[in-house]
Amino acid sequence: MRLVVVSNRVTIPDRHEKATAGGLAVALREALERHGGLWFGWSGVVGAARQLRETQRGNVTYAVTDLSEAERESYYLGFSNRALWPIMHYRLGLTEFQRSDYMGYLGVNRRFARELAGMIRPDDVIWIHDYHLIPLAAELRRRGVTNRIGYFHHIPWPSADTLTALPFSATLVRTLAAYDLVGVQTRLDARNLVDCLVMLCGAKFDGRRVRLGLRETAVRAFPIGIDVEAFRRLAAASVRQAATPLRATRESLGERKLVIGVDRLDYSKGIVQRLEAFGQFLRSHPEERGRVGLLQIAPPSRSDVPEYAELDRMSDEVAGRLNAQLGEFDWTPIRVVKKAYSRTALAGLYRSAQVGLVTPMRDGMNLVAKEYVAAQNPADPGVLVLSRFAGAAQQLGEALIVNPYDTHEVAEAIRTALAMPKSERIRRFEALYQIIEASGIHWWTRCYLEALAGEPVAAEDVEPPGKAGAKAETPARRAGARSARSTTRPAAQERGEARDASAGPGRKRASAAGEASHLTLVR
Ligand code: ADQ
């Protein structure tokens with residue numbers, strides 16, 4: 001079997017790029033290397049040429065095509081990012097629909113199908129990623145492609161009631177029936193998606209598969225993970241080597257504690273609300289003023305979409321106002337840094353922060369939450385404060401789960417996290433670590449590809465390891481109880497790592513891992 005991956009954007013690795021710390025793009029490359037493969041998508045270039053270009057790297061062919069200016073406007077900025085992105089994140093008020101954008105979206109999917117169909121071999125398995133490409137399988141089927149085709153939806157799938165506000169939503173949802181397997185992040189997303197197929201398109205659901213016309217489609221949750229071990233090593237190495245951004249941050253903080261937020265600058269991430277919550281925390285607990293600072297790292301994305309430019313302005317304005325109201329001559333409570341950092345620097349910053357503040361208003365999964373846990377020092381870990389509306393909250397019930405719309409609740413969670421006794425921090429960390437380790441990125445690619453190939457899936461119907469805050473005993477709670485009793489794996493690894501580092505190769509691997517500067521697919 002050859003694997004064909006399709007995503008909106010394709011980044012061709014540098015010829016001399018070293019093995020890098022895990023992440024989605026890297027995990028997909030590894031899967032492609034293993035099976036031999038083709039990765040197809042937009043080059044990121046906007047121009048008139050639109051010629052398909054192929055580049056060979058090892059076992060993998062990268063085939064990229066350019067978009068015309070009109071295609072970028074309608075398919076990418078328009079329908080994908082001004083209509084689908086907001087509605088899938090439950091933001092009806094921000095959803096802007098234009099028929100011409102929708103036509104452009106269908107047009108690009110049709111063109112991609114035309115260009116890709118010619119490259120498909122009989123034994124290929126095709127894996128399509130994300131909301132830009134929902135109708136791609138239907139277009140491929142129209143061209144006679146009969147291979148197994150899977151889709152993974154990285155962002156939330158809203159309720160049928162919400163989605164119907166989008167014109168042509170039923171037509172779009174119907175195209176999902178062209179897939180053999182549709183993967184989403186959480187069980188809630190899976191339920192919503194099945195409801196959409198049943199309620200909007202008249203599909204039948206037998207508890208496992210959706211039947212629509214002659215086609216049968218499996219819909220399942222595959223919660224995406226990270227390469228926990230690689231990230232853990234990176235964090236430990238970063239602290240040992242005292243990488244520059246880390247040293248500078250520590251020096252500027254002195255004895256003060258650090259609360260960290262790391263996100264693309266996107267309204268779904270709740271950055272402005274988070275800054276307000278930090279301000280509320282300082283107002284409610286004046287004794288904490290001067291003793292703690294918030295570092296928010298938020299590189300701009302999609303600046304061509306007006307809502308993103310507005311968010312950029314608002315985050316500056318709110319941080320400026322709060323700093324002016326609450327700061328002192330020798331203490332700035334909030335620092336907002338709008339640039340991307342290397343994986344090494346990020347990992348070290350996570351490890352130095354006593355609180356990881358991950359409070360999206362909605363998020364498919366949120367890998368930052370998992371990275372924060374992976375980066376912690378097992379002997380003295382920080383505390384994760386996590387939005388209940390991040391897909392990750394379905395697994396990470398031992399985080400402090402908050403409602404990001406409730407500024408006071410988030411403010412109190414920051415206070416609880418900062419005051420939490422070490423024994424409780426360790427107990428929660430161990431439970432969380434066990435879950436993210438059991439459902440890492442390699443688990444995810446393997447489960448998905450096995451399910452797509454029609455092989456039995458290892459995990460119980462891909463019941464994701466871990467469950468949010470339920471009272472009953474859950475796998476997470478059992479895992480937590482087990483880990484609280486035993487010497488933890490991360491702690492043991494920490495010792496192994498110290499040996500590695502002194503011997504040399506461990507350090508070498510870790511710094512090579514630091515070269516990767518992004519984990520997810522470019523959006
Ligand atoms: P994103 O919306 O991009 O992904 P997320 O899952 O948090 O969100 O991943 C962001 C990645 O970018 C993380 O790996 C993070 O470390 C990195 N990053 C963020 N800021 C950075 C900075 N300043 N410098 C360097 N790296 C930075 C979408 C969905 C999510 C889903 C993922 C994967 O919106 O819900 O979890 O896909 O499926």
Side-chain angles (χ1 to χ4, degrees), residues 13-14 16-27 29-30 225-253 257-262 295 297 299 337 339-356 358 367-384 425-426 429-430 432-438 440-442 487-520:
D14 193 279
H16 306 294
E17 197 172 300
K18 297 176 194 156
T20 51
L24 176 55
V26 177
R29 268 186 224 156
E30 281 171 13
I226 63 165
D227 187 337
V228 175
E229 171 60 11
F231 210 80
R232 187 190 63 76
R233 281 175 170 276
L234 210 54
S238 172
V239 170
R240 268 199 312 275
Q241 292 159 8
T244 311
L246 189 59
R247 198 174 49 241
T249 309
R250 288 262 47 114
E251 280 170 11
S252 68
L253 281 167
K257 290 188 172 174
L258 176 64
V259 176
I260 196 166
V262 175
L295 173 61
I297 301 179
V337 185
K339 61 187 210 186
Y341 283 97
S342 71
R343 310 299 310 153
T344 318
L346 266 193
L349 287 168
Y350 288 136
R351 195 175 174 110
S352 302
Q354 283 71 23
V355 182
V358 183
L367 296 180
V368 169
K370 296 186 173 184
E371 290 168 2
Y372 178 76
V373 173
Q376 293 311 298
N377 174 2
D380 189 14
V383 179
L384 176 65
R425 284 189 277 121
I426 291 178
F429 160 76
E430 288 174 352
L432 294 175
Y433 193 95
Q434 219 165 43
I435 289 160
I436 61 167
E437 196 184 34
I441 189 70
H442 300 293
T487 307
T488 67
R489 178 124 188 251
Q493 284 166 338
E494 202 78 342
R495 291 192 294 275
E497 173 189 274
R499 280 199 302 277
D500 263 8
S502 59
R507 175 169 296 170
K508 209 163 166 192
R509 270 201 304 281
S511 62
E515 302 306 318
S517 63
H518 67 275
L519 275 187
T520 48

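For Q354 (side chain) and G382 (main-chain N/O), no donor-acceptor pair under 3.5 Å exists by modelled atom type. A donor-acceptor pair is defined here as one N or O able to donate and one able to accept, closer than 3.5 Å; no such pair exists between the side chain of T344 and the backbone of S238. Side-chain atoms of Q376 never come within 3.5 Å of backbone atoms of V383 as a donor-acceptor pair (strictly under, hydrogens ignored).
Taking CD from E437 and CD from Q434, the interatomic distance works out to 7.5 Å, rounded to the nearest 0.5 Å. The distance from atom CD1 of I441 to atom CD of E30, rounded to the nearest 0.5 Å, is 9.5 Å. Remark: E371 CD to L384 CG distance equals 11.5 Å, nearest 0.5 Å. Between the CD atom of E229 and the CG atom of L234 there is a distance of 11.0 Å, given to the nearest 0.5 Å.
Within the 4.5 Å cutoff, no side-chain heavy atoms of V262 are placed close to those of Y341. Using a 4.5 Å cut-off on side-chain heavy atoms (C-beta onward), K257 and V259 make no contact. Contact annotation: the side chain of I297 approaches that of L349 to within less than 4.5 Å [non-hydrogen atoms, C-beta and beyond]. I426 is listed as a side-chain neighbour of P381, based on a closest heavy-atom distance under 4.5 Å.
Minimum interatomic distance between A375 and Y350 (heavy atoms only, all atoms of both residues): CB-CB, 3.7 Å. Between A340 and P299, the shortest heavy-atom contact is N-CB, 3.8 Å.
For the side chain to side chain contact (heavy atoms under 4.5 Å, CB included) criterion with R351, the lone passing option out of I260, N377, L346 is N377.
Listed by chain and residue number, I226, V228, F231, I436 satisfy the side chain to side chain contact (heavy atoms under 4.5 Å, CB included) test with A374 (two or more places apart in sequence, or in another chain).
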